[in-house]
2 protein chains.
Amino acid sequence: MKRILKYAILGLVHKQEMSGYDITSQFKQEIGQFWSAKHSQIYPELKRLTEEELIEYRTSITGAKLEKKLYCITPKGTQELIEWLVSPKELPETEKDEFMLMLYFSAAVPKEKSKRLFEDQIAKRKRKLEHLYESKKSLQLLDENLQAPGSRQFGHYLVLSRAINREESYIAWLEETLSLFEE
Amino acid sequence: MKRILKYAILGLVHKQEMSGYDITSQFKQEIGQFWSAKHSQIYPELKRLTEEELIEYRTSITGAKLEKKLYCITPKGTQELIEWLVSPKELPETEKDEFMLMLYFSAAVPKEKSKRLFEDQIAKRKRKLEHLYESKKSLQLLDENLQAPGSRQFGHYLVLSRAINREESYIAWLEETLSLFEE
DNA sequence: AAGGACATGTAACACGTTACATGATTGA
DNA sequence: TCAATCATGTAACGTGTTACATGTCCTT
C-alpha cells in the first residue's frame, strides 16, 4: 500500500472543508470500518499534504480564541485523488485476522475451550451487526432514495451495506463451523 | 495488536520443529490468508523469542555446509501459546480495505468508471476463489475426515473454509451492488 | 554452467499506536 | 465548576515492507 491515508484525507476534504479534528471524527464513523487513523498520524499527514500543495487551509476562530485549520483540496490534489479513484485495486495477499490465526492452532486446546471462543466471537460480531443495522436505519430516514447511485448518501450506503454483508457472512460461517463441534 | 507474530511463530514451531525459512514458507500457504510476515521480520523475531526462552534451536547441516537452525518450542513457550489460544479476541475496530475506501468517495467519478472497477474487483476475487477451491480439493484428498475437529488437517480446513466464505460473500455483495448501477 | 530453491541475516524506511503535552468551549 | 468535547501538536515506540547482502544446494 502506498500512502492510502493520503487519499483518504484527499477524499474527505474533497467533499467539504474540514479540520484535522473533523477528519479524526470521520474515521470514527462508518468509513472507519474500512480505513482509519489516529489524530497523531493525521496532523503530520495534513502538514505534508499542504507542503505538497495537494490541500490548503484557512484559519477559523471559534468563540474567543480557539483556532482551527479548515483544509480544502487544491486542483492538483483533486487530480491525484481522481487518478487514485479510477485505478484498479490489487487484492491484499493477507487480510489479517487474529481469531482465524488462533483457530489454525486450536488443535492444541480442548474442544470445549474452542467452542467458548466461537461463542464469544459470535456474540461480539452480533453486537456489532446490531449497531450497523441501526446506522443503516438512521441513514434511510435521511435519504429515501439511498440505493440509487447518485443519491447524496450513496457512499455511506455502500460502506454500511458491505460492513453488514461482512459481519453477516462471518457470523454465518462461525455458527456453521461451531456446529461441527457439537455432536 | 500485541506481538501477534510472536504467537504465530510459537504456534507454528509447536506443531513441529521448523527453520526461519520454513516459517516464511508457511506464511505463503493457507494461513497466509489471515497472517503473514516477511523473512526480514521473522529472523529478528526468532532471535528475540530465543532470548526470551520461548523457543530454542539446534543446528542442522544440509549437504556439505548449508546450515539451518531448527527451532522448537520450550515449556515456557508452550504455556504462553496456550494462554493466548484460550483468551477471547477483541474485534478490530477497523478492517482495512482500500477498495471500500475508494467506493466511499466514488460519487466523484462517472458511473461507468465505477462499474469497471467493480468488474475488475469481481474478476480478481473470482480468480482467488478458484485457487482456494483447488486447495480445498487437494486437502480433501489428504484427509477424508477433514470436517471433524480432531482431524489432522482440521486447522487447515478451518482457514480454507473461512477464506472461501470470505471471498464468496464479498463477490456476492460486489455483484449485487454492481447491479444497482445497471438500469 | 546456470537458474531456482534453500538458507540467513541487516539496514533503511514507511506506517501505525500509545503516550505526552497543552489549551479552549460548551452544556449540565 | 466540572466533565465532555473541541482542537492541535510532538515523542517514543512497535510493526511491517523493500532493499541490501551473502552464500549453498539441486536439478537440468
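Chain letters run A, B, ... following the sequence lines, proteins first and then strands; every chain starts at 1.
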For A:Trp35 and B:Thr94, does a side-chain donor sit closer than 3.5 Å to a side-chain acceptor? no
Any residue in residues 6-30 of chain B with a heavy atom nearer than 4.0 angstrom to DNA chain C? Just list them by number, or reply none. B:Ser19, B:Gly20, B:Tyr21
Sugar-phosphate means primed atoms, P, OP1 and OP2; the rest is base. With that split, encode nucleotides 21-26 of chain D 5' to 3' as B, S or - using protein heavy atoms under 4.0 Å. --BSS-
In terms of the angle between their ring planes, are A:Tyr157 and A:Phe154 parallel, tilted or perpendicular, with boundaries placed at 30° and 60°? parallel
Around B:Tyr57, counting heavy atoms of other residues, nucleotides and ligands shown, do more than 12 lie under 6.0 Å from its OH? no
Verify the contact: side-chain N or O of [X] to OP1 or OP2 of [N], cut-off strictly under 4.0 Å; return yes or no.
X       : N      : result
A:Gln41 : C:dG16 : yes
A:Lys38 : C:dT17 : no
B:Lys96 : C:dG16 : yes

Output side-chain donor-acceptor pairs under 3.5 Å for residues 113-120 of chain A, partner residues at least two apart or in another chain, one line each.
{"unit_1": "A:Lys115", "atom_1": "NZ", "unit_2": "A:Glu182", "atom_2": "OE1", "d": "2.9"}
{"unit_1": "A:Asp120", "atom_1": "OD1", "unit_2": "A:Lys124", "atom_2": "NZ", "d": "3.4"}
{"unit_1": "A:Asp120", "atom_1": "OD2", "unit_2": "A:Lys124", "atom_2": "NZ", "d": "2.9"}

Out of D:dT15, D:dT17, C:dT17, minimum distance to the side chain of B:Arg3 belongs to D:dT15
Could you give the [atom1]-to-[atom2] distance, from [X] to [N], as a whole number of Å?
X       : N      : atom1 : atom2 : answer
B:Tyr43 : D:dG16 : OH    : P     : 18 Å
A:Lys2  : D:dG16 : NZ    : C1'   : 16 Å
B:Leu5  : D:dT15 : CG    : P     : 9 Å
A:Ile42 : C:dT18 : CD1   : P     : 14 Å
B:Arg48 : D:dC13 : CZ    : C1'   : 11 Å

Electrostatic pair [X]:[Y] at N-O distance under 4.0 angstrom:
X        : Y        : result
B:Glu95  : B:Arg166 : no
A:Glu130 : A:Lys137 : no
A:Glu52  : A:Lys6   : no
B:Glu45  : B:Arg3   : yes

Result for 5'-nearest mapping on DNA chain C, choosing between B:Lys47 and A:Glu45, is B:Lys47
Looking at every heavy atom in both B:Ile73 and B:Leu10, which two are closest together, and how far apart are they? CD1-O, 3.7 Å
Between A:Glu67 and A:Pro44, just flag the one whose closest nucleotide in DNA chain D comes earlier from the 5' side. A:Glu67
